[in-house]
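Report on one structure; see the data block that follows.
Remember, predicted model here, so these are calculated numbers, not experimental data. Per chain, numbering begins at 1; letters A, B, ... match sequence-line order.
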Number of protein chains: 2
Amino acid sequence: MNIGTKLNTPNARDRFERLHAELRSRICLLDYPPGMRLSEQTLAEEFGVSRTPLRRVLVRLEGEGLLQSVQGVGTFVTDVEIEEMEQTYRLRLELAELTGRLDPVQPDAALWSEFLELAARSHALIGDPDPRHFAQINMDFFLALLRLTENEPLRDISERLYFRTARIWLKSIKASTIDMSEEAIVFNREVDDILTALKVGDLHAASLIQRAHISMSFNRMLKGVTTRQEAGGGSTKSVQVSEKS
Amino acid sequence: MNIGTKLNTPNARDRFERLHAELRSRICLLDYPPGMRLSEQTLAEEFGVSRTPLRRVLVRLEGEGLLQSVQGVGTFVTDVEIEEMEQTYRLRLELAELTGRLDPVQPDAALWSEFLELAARSHALIGDPDPRHFAQINMDFFLALLRLTENEPLRDISERLYFRTARIWLKSIKASTIDMSEEAIVFNREVDDILTALKVGDLHAASLIQRAHISMSFNRMLKGVTTRQEAGGGSTKSVQVSEKS
DNA sequence: TCAGGCGATGCTGTGCACAACAAAGTAGCT
DNA sequence: AGCTACTTTGTTGTGCACAGCATCGCCTGA
């Protein structure tokens, strides 16, 4: 599939963007879990390019805080500590509210249909609570909400911070510290509430709802980690490290 | 000087950081004005390295929105439109206040002495209003204020946005649309006011003062641009474009 | 048996030559 | 004279071979 899509990208810039989005997606969807070592050679062969253009993508991802390259050792998917994650979440709370306060714009027809489609997808999630599918819908919904503001710098940094925390959420889900069905129901309520606010054109209210749900989601994650530590007795390190082979 | 400092950076990572900081500084201090074309070959020779490691720096700077590379044409210093600049400034206002609200920390002895030194430097600025020197002090002061919060993601994005707007401010100064002496006096008052707030330990007040001054500074810039357009009659394009050669 | 050094191995980092590409200049045709 | 097509030139993008570096395993000596 990856090599096949290469034919659709004649110029270098589009190919770079595709590789970047693909690798970022794999990292955020935990296909490449935190701590995993990536091989430039292997990745280059998989995408049918040389190491040189691939390294350009890796440098970008390193600048976004998703990767870290060490000479003589390898390129690793970054892992974040719980403290920094909490800081990031507190900042994301403020930015979420800013989305409804700075340069808000009413959704157009295309965005509306996208929201409705997302509502349907999230509803179908209740019957089939697949973690990866869940994370994908969550990501798409977040990116759709971002289009409710015209403030491009705000969108940039919000997106940047989201991709930095998204995988942490999915990791908590996969670690079975949170009940998937319940999480799906809560997420559906979030989507419905936000869409209700959007229907009456109250973008600030929508952003406040989103902010509230981000806050509650983070608290559920914190509770899940604490519960697991109390129950299993495993160290925090064992939870964070995800070694391959 | 640049080749000489190379000896002090044995490993690749430090050299990368140095090159990155140096080029970013040159861009923000308008040594490389917006629209200017940079030659990879020339830069590589100046720093005594090959194009390959230099390109890594350029890719990073492109990710930060300071450069843009186009195949077959060249690498250009980006220019920002007035609309996006206004959005960025509105966002920076909010982030400045967040600095005093999210994880604030009292300055330690080292930071205090740095603030005092900055106050002295800014005071000396009144007698010698050199634009570049002014910009350097402004940058150092902003970075020092950023150390008043422990929230690292907030520091990252604030710094990111600052470096994206700093050169715009300096450009307005250099275009003689703003009175340098008056600007220096205003800046000294900002420094004094913020230091007064810091002395009584009111970090939130300090951040509010900073926010107010950022807002007023932007308004002075807007006014300066408007005045220039009314007086000279030059198009907005002529103000933004800075051609070399 | 254990400790220390030392070489093998594999990774990222670097330099160089060439390809892809765009823009400017130029010659030739109308 | 004006326009078109081609050539020339300079730039960024790519591929490849090698250097620098860290880690692991082995080997040697006490």
Side-chain angles (χ1 to χ4, degrees), chain A residues 2-3 5-20 22-23 27 32 35-78 241 243-245, chain B residues 2-3 5-20 22-23 27 32 35-78 241 243-245:
Chain A
N2 300 302
I3 300 179
T5 56
K6 202 191 74 173
L7 299 176
N8 302 336
T9 63
N11 49 342
R13 190 161 200 87
D14 289 345
R15 183 173 65 183
F16 170 80
E17 294 296 340
R18 261 171 210 260
L19 282 183
H20 173 70
E22 175 65 23
L23 286 182
I27 294 174
Y32 298 152
M36 177 178 176
R37 186 173 63 81
L38 300 182
S39 169
E40 294 185 352
Q41 185 77 34
T42 304
L43 284 177
E45 291 172 356
E46 176 187 348
F47 291 113
V49 295
S50 173
R51 276 181 57 211
T52 309
L54 178 74
R55 278 179 61 80
R56 183 171 180 170
V57 178
L58 297 185
V59 168
R60 177 99 152 216
L61 289 171
E62 187 174 11
E64 293 171 351
L66 299 180
L67 291 181
Q68 185 172 9
S69 294
V70 183
Q71 183 176 11
V73 183
T75 304
F76 299 91
V77 179
T78 57
V241 171
E243 273 296 329
K244 202 192 173 187
S245 84
Chain B
N2 299 302
I3 300 178
T5 55
K6 202 192 74 173
L7 299 174
N8 301 336
T9 63
N11 49 343
R13 191 161 201 85
D14 290 345
R15 182 174 63 181
F16 170 80
E17 295 295 341
R18 262 171 210 260
L19 283 183
H20 172 71
E22 175 64 24
L23 285 182
I27 293 173
Y32 299 153
M36 178 178 175
R37 186 174 63 80
L38 301 181
S39 168
E40 295 185 352
Q41 186 79 31
T42 305
L43 284 177
E45 290 173 357
E46 176 186 349
F47 291 113
V49 294
S50 174
R51 276 182 57 211
T52 309
L54 177 74
R55 279 179 60 79
R56 184 171 180 168
V57 179
L58 297 185
V59 168
R60 177 100 152 212
L61 290 170
E62 187 174 11
E64 293 171 350
L66 299 180
L67 290 181
Q68 185 172 8
S69 295
V70 183
Q71 183 175 7
V73 182
T75 303
F76 299 91
V77 179
T78 57
V241 170
E243 272 297 328
K244 201 197 172 187
S245 87

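Phosphate contact (OP1/OP2 of dG15(C), side-chain N/O of Arg51(B), threshold under 4.0 Å): absent. Close to dT12(C), at under 4.0 Å from its OP1 or OP2, lies no side-chain N or O of Ser69(A).
Atom pair His20(A):NE2 and dG13(D):C1' shows a separation of 19 Å (rounding to whole Å applied). Distance Gln71(A) CD to dG13(C) C1': 5 Å, rounded to the nearest Å. Computed from coordinates, the Glu40(A) CD to dC16(D) P distance equals 15 Å when rounded to whole Å. If you measure from atom CZ of Arg37(B) to atom C1' of dA23(C), you get 11 Å, rounded to the nearest angstrom. Spacing between atom CZ of Phe76(A) and atom C1' of dT12(C) amounts to 10 Å, rounded to whole angstrom units. Atom CG of Leu54(B) is separated from atom C1' of dC16(C) by 15 Å (rounded to the nearest Å). Atom-to-atom, CZ of Phe47(B) to C1' of dT14(C) comes out at 17 Å; the value is rounded to the nearest Å. Counting to the nearest Å, the C1' atom of dG13(C) and the CD atom of Gln68(A) are 15 Å from each other.
Residue Leu58(A) is classed as having no contact, given no heavy-atom separation below 4.0 Å to the nucleic acid. Nucleic acid contact class of Leu38(B) (heavy atoms, under 4.0 Å, all strands): sugar-phosphate only.
With contacts defined as side-chain heavy-atom distances shorter than 4.5 Å, the pair Leu54(A)/Leu23(A) qualifies. With contacts defined as side-chain heavy-atom distances shorter than 4.5 Å, the pair Val57(A)/Arg60(A) does not qualify. With contacts defined as side-chain heavy-atom distances shorter than 4.5 Å, the pair Ile27(B)/Leu67(B) qualifies. Under the 4.5 Å side-chain criterion, counting only non-hydrogen atoms from C-beta, Asn11(A) is not in contact with Gln71(B).
Under a 3.5 Å cut-off, the side chain of Thr78(A) and the backbone N or O of Leu66(A) do form a donor-acceptor pair.
Of the candidate nucleotides dT14(D), dG15(D), dT12(C), dG15(D) has the atom lying nearest to any side-chain atom of Val49(A).
With DNA chain D read from its 5' end, the first of the two nearest nucleotides for Val73(A) and Val73(B) is the one closest to Val73(B). The 5' end of DNA chain D is approached more closely, in terms of each residue's nearest nucleotide, by Ser50(A) than by the other of Val70(A) and Ser50(A). Along DNA chain C, the nucleotide nearest to Thr52(A) and the one nearest to Thr75(A) differ in position, and the one closer to the 5' end is contacted by Thr75(A).
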